[in-house]
2 protein chains.
Amino acid sequence: MARAATTSDVFNAVAEPCRRELLAALRGGEVPVAELVQRMRLPQPQVSKHLGVLRQVDLVRCRSVGRQRLYRLNAPALRPIHAWVSEFEAMWNARLDRLDDYVTQLSNTTTEPGTDTRRNDR
Amino acid sequence: MARAATTSDVFNAVAEPCRRELLAALRGGEVPVAELVQRMRLPQPQVSKHLGVLRQVDLVRCRSVGRQRLYRLNAPALRPIHAWVSEFEAMWNARLDRLDDYVTQLSNTTTEPGTDTRRNDR
DNA sequence: TTGACATATTCCACTATCGGTATATGTTGT
DNA sequence: ACAACATATACCGATAGTGGAATATGTCAA
């Protein structure tokens, strides 16, 4: 098993740069596939496939208008991600890292176990 | 090319459930690998490998103490993710989705192009 | 009904990632 | 110097994800 299935996990769906770009492109409102293809400079099948993934995790929804398909963002589906990162937000807002750095300097820090590059991080 | 390399993209690094769990386990402060192995109930090599990935994207850092290695979270590395999701936050906070639903109902919505399941989303 | 158009799906080959096992590296204590 | 310990890395087999090209589905217009 390699990773939680892309099609079932929002985190995975968003891990793909193209799909993030797609979501960004949908921030303005409904957009037909053809326009997405243009903006993304990607072959149409790829776009459709990416949209398919986003649909499966409910990050986007679409409706048919004539032969076109208008996609729109379903922002609330991003909440799990936001919630998850937010739990860590305090840790960089509260400047706890300063204490962290202190601890770091106490003993000589080895950031990269193999290659011992910088000794003073951040 | 399948996806942006796990080792170079924070989004990808975090896409793995085990790695998210690892990060969560480090929220309390520095933790030696052995303890992580215990908590995760995963073979030690897996844990080390996951830690390796997290290290490469600078989500965690570590220092050596005797033969142990103490890992700690580098929370600021999560900022890109937080920043990205936050750009969408307004869209679910502002109840714009209500308007969205309205648009949805105007024409019969087809959420799943192939399998036409529910017609009324959310 | 036929053809143009818009989009989705299938098939294929390639690569990256993951889990598992074995082994290497490095450190402490004797 | 050697053994025990802690952790990292290398190797392997399996598999899922991606891009690309071809094709299927569905809709409109004549």
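Note on naming: letters A, B, ... go to the chains in the order of the sequence lines (proteins, then strands), and numbering restarts at 1 for each one.
- For the pair A:Glu89 and B:Arg79, the salt-bridge criterion is not met [side-chain N within less than 4.0 Å of a carboxylate O].
- Between the side chains of A:Tyr71 and A:Arg55, a donor-acceptor pair is found at a separation under 3.5 Å.
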Would you list the protein and nucleotides 20-23 of chain C atom pairs, both N or O, that sit under 3.5 Å from each other?
residue, atom, partner, partner atom, Å
C:dG20, OP2, B:Gln46, NE2, 3.1
C:dG20, O6, B:Lys49, NZ, 2.5

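- Of the candidates D:dT18, D:dT7, C:dA6, the closest approach to any side-chain atom of B:Pro32 belongs to D:dT7.
- Atom CD of B:Glu35 and atom C1' of D:dT7 are 15 Å apart (whole Å).
- Summarising the geometry of B:Leu23 relative to B:Leu73, their closest heavy-atom pair is CD2-CD1, 3.6 Å, with the distance given to 0.1 Å.
- B:Glu16 places its CD atom 14 Å from the P atom of D:dA16, with the value rounded to the nearest Å.
- Rounded to an integer number of Å, the gap from B:Leu54 CG to D:dA8 C1' is 15 Å.
- Rounded to the nearest 0.5 Å, atoms CD1 (B:Ile81) and CZ (A:Phe11) are 8.0 Å apart.
- For B:His50 and D:dT9, the NE2 to P distance is 14 Å, given to the nearest whole Å.
- Between the C1' atom of D:dA29 and the CD atom of A:Gln68 lies a distance of 15 Å, rounded to the nearest Å.
- Rounded to an integer number of Å, the gap from CG of B:Asn12 to C1' of C:dA16 is 10 Å.
- Across the protein-nucleic acid pair, A:Arg41 atom CZ and D:dG19 atom C1' stand 18 Å apart, rounded to whole Å.
- Side chains of A:Gln68 and A:Ser64: a donor-acceptor N/O pair is absent below 3.5 angstrom, by distance only.
- Partners of A:Arg39 according to the salt bridge (charged side-chain N to carboxylate O under 4.0 Å, His left out) rule, which considers only residues two or more places apart in sequence or in another chain, are A:Glu35.
- In terms of phosphate contacts, A:Tyr71 brings a side-chain nitrogen or oxygen within less than 4.0 Å of OP1 or OP2 of C:dA8.
- Counting only heavy atoms from C-beta outward, the side chains of A:His82 and B:Ser86 approach each other to under 4.5 Å.
- As a whole-Å value, the separation of A:Leu70 CG from D:dG26 C1' is 16 Å.
- Residues B:Arg19 and B:Val14 form no side-chain contact, since every pair of their non-hydrogen atoms from C-beta on lies 4.5 Å or further apart.
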Q) Nucleotide by nucleotide, 5' to 3', does protein get under 4.0 Å of the base (B), only the sugar-phosphate (S), or neither (-) in nucleotides 24-30 of chain C, counting heavy atoms? A) ---BS--
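- Side-chain contact between B:Asn74 and B:Leu54 is absent, with no heavy atoms from C-beta onward closer than 4.5 Å.
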